[in-house]
Amino acid sequence: MCVFLGPLEKGQVKNEALRELRVELSKKHKARELDGFSLYLYGVVLRKLDLVKEALDVFVEATHVLPLHWGTWLELCNLITDKEMLKFLSLPDCWIKEFFLAHIYTEQQLIEEALQKYQSLIDAGFSKSTYIISQIAVAYHNIRDIDKALSIFNELRKQDPYRIENMDTFSNLLYVRGLKPELSYLAHNLCDIDKYRVETCCVIGNYYSLRSQHEKAALYFQRALKLNPRYLGAWTLMGHEYMEMKNTSAAIQAYRHAIEVNKRDYRAWYGLGQTYEILKMPFYCLYYYRRAHQLRPNDSRMLVALGECYEKLNQLVEAKKCYWRAYAVGDVEKMALVKLAKLHEQLNESEQAAQCYIKYIQDIYSCGEIVEHQEVSTAFRYLAQYYFKCKLWDEASACAQKCFNFNDTREEGKALLRQILQLRNQNESPSADLPTNATFLFPQSVSASNTPTRRVSPLNLSSVTP
């Protein structure tokens with residue numbers, strides 16, 4: 001498939017009047033003839049000419065002249081790169097500033113601070129504001145608390161059934177949960193309300209994507225961008241669709257456009273990393289994953305991706321640090337410990353590998369995903385073999401029996417149990433070559449019925465902790 005972004009290609013349309021507008025508005029600005037709206041316009045012109053510092057100063061001035069113009073605050077938000085930069089801005093002491101701070105905290109992934117701001121606004125008298133409710137839902141979406149975000153969006157739909165703002169974020173959540181009927185209803189409902197809105201096009205695009213009709217989905221994301229070429233979500237989602245269609249060149253272009261719109265969009269950086277990973281260019285994907293990690297330092301997916309990159313580049317110490325850090329911050333996909341264990345296996349660090357597999361199994365069982373996770377069988381097989389080598393027959397038997405629950409390890413489990421039975425019949429006693437601090441503990445639900453298990457002091461993993 002050829003790369004085709006149609007009229008969305010950058011540079012196809014150049015506004016030749018921007019420089020002329022800048023000169024004219026600059027004269028009026030120096031003569032103090034610009035009101036709040038004119039200052040906003042002047043700031044937009046400067047931003048389009050990539051004169052970021054000048055644009056920032058003009059937008060700040062516009063907030064003082066006309067503080068209730070929300071468009072100015074949004075433009076200002078796009079130019080502020082971090083919390084430190086925000087501290088040095090002289091903003092007007094007005095109630096709308098609190099809305100702005102909550103919004104920018106959400107944009108910069110400072111979710112705890114954002115939620116505190118929104119709660120204080122609710123307490124101050126904005127308890128019925130659907131804008132605040134939707135922003136709280138977006139905040140929970142950003143920290144991947146999907147159930148909470150869905151609950152708030154569903155409540156919001158009851159309060160304001162004709163609302164279109166943020167419904168594309170709601171559709172992202174329905175997509176992640178695979179709720180096809182709900183997503184179909186939302187798409188039809190928004191189409192009836194206003195089919196020419198950017199959010200409507202994105203919702204329809206998500207619906208077709210969930211049905212694996214990726215070309216149709218990309219078409220609707222293109223329609224959204226024709227309506228608003230600076231709509232960040234549509235660029236990122238279109239990049240995802242091109243990835244699904246194996247059109248890496250178009251995916252890279254889409255993700256780069258998203259970054260041009262907003263350099264803080266971690267999804268675009270992460271998408272670029274995935275694209276270059278498919279192209280087997282590990283140094284490139286390492287750079288993009290690092291940028292994504294800087295924006296989302298506590299997102300385990302970014303850390304696992306970084307670890308995989310370091311592993312491919314044979315930087316195993318760095319890979320171990322990333323996997324352990326991913327586990328420490330709360331591993332969303334429950335894969336960090338498995339990857340860390342396999343890394344220890346490669347390095348013949350059997351003790352550490354066993355400890356990682358035990359932690360992994362405990363986590364899987366504690367969160368109720370019992371034996372549904374794909375790597376549980378791998379963990380039980382390794383632990384059965386590890387205990388067998390250490391001549392701990394009870395523990396080896398317990399793990400071997402658990403291998404019966406999985407098709408890929410059933411025969412190995414049976415063979416290991418036969419070997420254990422033969423050795424026990426020969427009155428073999430446990431060897432003393434096992435380290436004294438390496439006794440292990442399984443969750444009660446994992447152990448074989450009434451099989452005694454040894455309790456362990458956890459292995460020291462501080463050497464691989466960043």
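All values derive from a computational prediction rather than experimental measurement.
Among the candidates Glu351, Gln346, Gln352, Glu345, the single residue satisfying the side chain to side chain contact (heavy atoms under 4.5 Å, CB included) test with Glu349 is Gln352. When each of Glu308, His344, Glu311 is paired with Lys339, the side chain to side chain donor-acceptor pair (under 3.5 Å) condition holds for Glu308 and for no other.
The salt bridge (charged side-chain N to carboxylate O under 4.0 Å, His left out) pairs that include a residue from residues 160-189 are Asp147-Arg177, Glu165-Arg197, where partners are two or more places apart or lie in different chains.
Using a 4.0 Å cut-off between charged side-chain N and carboxylate O, Glu260 and Arg230 make no salt bridge.
No donor-acceptor contact under 3.5 angstrom links the side chains of Arg211 and Asn206, judged on distance only. In this structure, a donor-acceptor pair under 3.5 Å is absent between the side chains of Asn78 and Arg264. Side-chain N/O atoms of Thr378 and Glu375 include a donor and acceptor closer than 3.5 Å. In summary, the side chains of Glu241 and Ser209 do present a donor paired with an acceptor at a separation below 3.5 Å, with no hydrogens or angles considered. Counting only N and O atoms by type, the side chains of His69 and Thr72 include a donor and acceptor under 3.5 Å apart.
Aromatic rings from Trp269 and Tyr266 are positioned such that their centres are separated by 6.0 Å or more. Between Tyr255 and Tyr270, the distance from one ring center to the other does not fall under 6.0 angstrom.
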Tyr289/Glu277 under side chain to side chain donor-acceptor pair (under 3.5 Å): CA gap, chis, key distance, verdict: CA-CA 10 Å; Tyr289 283 144; Glu277 195 170 358; 2.6 Å; yes
Check against side-chain contact (heavy atoms from CB on, under 4.5 Å), Ile278 and Met243: CA-CA 9 Å; Ile278 289 170; Met243 283 281 284; 3.4 Å; yes
